[in-house]
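To start, the structure under review is shown below, and the notes come after it.
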Amino acid sequence: MPVFHYKARNTRGESIEADIEAASADVVASQLFNTGVIPITIVEQQAHVDLLEGLRKRLLIGRPTLVDLILFARQMHTLMRAGVPIIRAMSGLADTSRNVTLAQVLREVVTSLEAGHDLASSLSQHPEIFSPLFISIVQVGENSGRLDESFLQLSEYLELEKTTRDSIRSALRYPTIVIVAIAAAIAIINLKVIPVFAKVFAGFHAELPTATKILIATSNFTVAYWYIMLGTLLLIIFGVRAYIRTDAGRYRWGKAKLRLPIVGSIIMRATLSRYARSFAMSTRSGVPLIQALTVVSKAVDNDFVADRILMMRNGIERGDTLTRTAAASGLFTPLVLQMLSVGEETGAVDEMLSEVAGFYEREVAFDLKSLSEKIEPIMLLAVGALVLMLAMGVFLPMWDLAGAARGHG
């Protein structure tokens, strides 16, 4: 937000000179007049870019988490229901927010509100914090005079979103730790353990088994070119991440995630649950159907699914029904399509979508509980393969050499 340097006189005729942060010079003049100060000159200051300070803020001050946004929506619901004016409510939350970034954003929203903008457009100036879904629901709440209900719906939706994310992270934590441990063990064995055994084997000048030769060759290559292997791995990681940031990359990654073994179906149902829940909330709040589908396509966090949702929107714009467009998308099961059909016939699409969301959420919760049971055998096989490799490549030739030495003795 720009900073203005002003010169003014108070009611006693005394000269006043200071800097103030505001959206425009008109806002500064209005604020000064409201405090009984007559402005003489108001000049916008050139922004001074402090790279170190900006870097420090980026490193130390993170984006608001879902918990911060849930708390914000809950507090706004309480304040709006109590009849507190929006500007006063926002100012109070900015002063008490635990997240510095969110506090700063709320102060900028207050300045925008003071300049005459509505709340939805003021929030839309910060898309990195507030999603299109969040802004659309707020806009509907403003237009309908039920802003408190809009914030309540948002808080409930964000709480369900957080619960789903936490469940997925919790289920994937164990296999992630095991995979990292196996990778670290293989690296240590190649770099530290096998070279020691290779020197021992070389001292006997004996013919080694094929498995041992392969292990020693792999270890020698790793020791000699580990920096090239590490650099290549980092290049692949950063290259893939850069590709995923492109439109084509996001689409293909979104499609690939849904086809991953074991977890792909869970991700698919969690995504469809998010779609159904956000779509139900949008239609219940009064967002027009076409606009709701557009907003929801951005809320699912998967470009492949978003593309199918936009196909549904295009079908509805051509006069087709929601059920037929949903069937053409290929995303939903026949049971869900039946529920949507009943919802259209009875005029209770939002209720049926909530049922669909609950259906998917229950399936995801059940699958997450059994995810560890499905992954554990794979992890055990990986650990067993590692032990077998060591036994055949390292310990078996040692036993052979020891037996030969005893027989020679």
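The model shown is predicted, which means the values in this text are computed figures rather than measured ones.
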_Side-chain (S282) to main-chain (A292) donor-acceptor, under 3.5 angstrom_ = no

Practice prompt. Please determine if R277 and E361 form a salt bridge, counting it only when a charged side-chain N lies under 4.0 Å from a carboxylate O.
Written response: yes

Donor-acceptor check, side chain of S150 to backbone of I137, threshold 3.5 angstrom: yes or no? yes

Show, in sequence, the C-alpha distance, side-chain angles and deciding distance for H5 and E17, and conclude whether the side-chain hydrogen bond (donor to acceptor under 3.5 Å, both in side chains) test is met. CA-CA 7 Å; H5 181 81; E17 187 173 346; 2.7 Å; yes

**Asked** Counting only heavy atoms not in K162, do more than 12 fall under 6.0 Å of its NZ?
**Response** no

- Quick one: does S97's side chain have a donor or acceptor within less than 3.5 Å of a partner on A94's backbone? no

Handout entry: Criterion side-chain hydrogen bond (donor to acceptor under 3.5 Å, both in side chains) on R313 and S297, from CA distance to verdict
Key = CA-CA 10 Å; R313 181 200 65 184; S297 69; over 6 Å; no

- Item | Ring center gap for Y157 and F134 short of 6.0 angstrom | no

As a quick check of understanding, evaluate side-chain hydrogen bond (donor to acceptor under 3.5 Å, both in side chains) for R284 and S354, giving each step before the final call. CA-CA 10 Å; R284 187 182 300 116; S354 295; 2.6 Å; yes

Notebook entry, point to check: With no hydrogens and no angle check, is any side-chain donor or acceptor of T246 less than 3.5 Å from a backbone partner on A242?
Noted result: no

**Message:** Between T222 (side chain only) and T218 (backbone N and O only), is there a donor and an acceptor less than 3.5 Å apart?
**Reply:** yes

Checklist line | Salt-bridge present (E159, R74; N to O < 4.0 Å) | finding: yes

Practice task
Identify whether the distance between the nearest side-chain nitrogen and carboxylate oxygen of D148 and R81 falls below 4.0 Å.
Solution key: no

Q.
More than 12 heavy atoms of other residues, nucleotides or ligands under 6.0 Å from OH of Y225: yes or no?
A. no

Exercise. If only atom types and distance count, is the side chain of T232 paired as donor or acceptor with the main-chain N or O of I228 below 3.5 Å?
Worked result: yes

Exercise for the section: Taking atom NZ of K192 as the centre, report whether more than 12 heavy atoms of other residues, nucleotides or ligands fall under 6.0 Å from it. Expected result: no

### Query
With distance as the sole test, does H117 use its side chain to make a donor-acceptor pair with the main-chain N or O of S112 at under 3.5 Å?
yes

Exercise for review: Take R274 and Y360 through the test side-chain hydrogen bond (donor to acceptor under 3.5 Å, both in side chains) and record every step on the way to the result.
Suggested key: CA-CA 9 Å; R274 182 181 300 152; Y360 281 129; over 6 Å; no

>> More than 12 heavy atoms of other residues, nucleotides or ligands under 6.0 Å from CD1 of I38: yes or no?
In response: no

Checking V305, L337, V336, L258 against L331 for side chain to side chain contact (heavy atoms under 4.5 Å, CB included), the one that qualifies is V305

| Is there a donor-acceptor contact under 3.5 Å from the side chain of R250 to the main chain of R245? | yes

Does E142 use its side chain to pair, donor to acceptor, with the backbone of D118 at less than 3.5 Å?
no

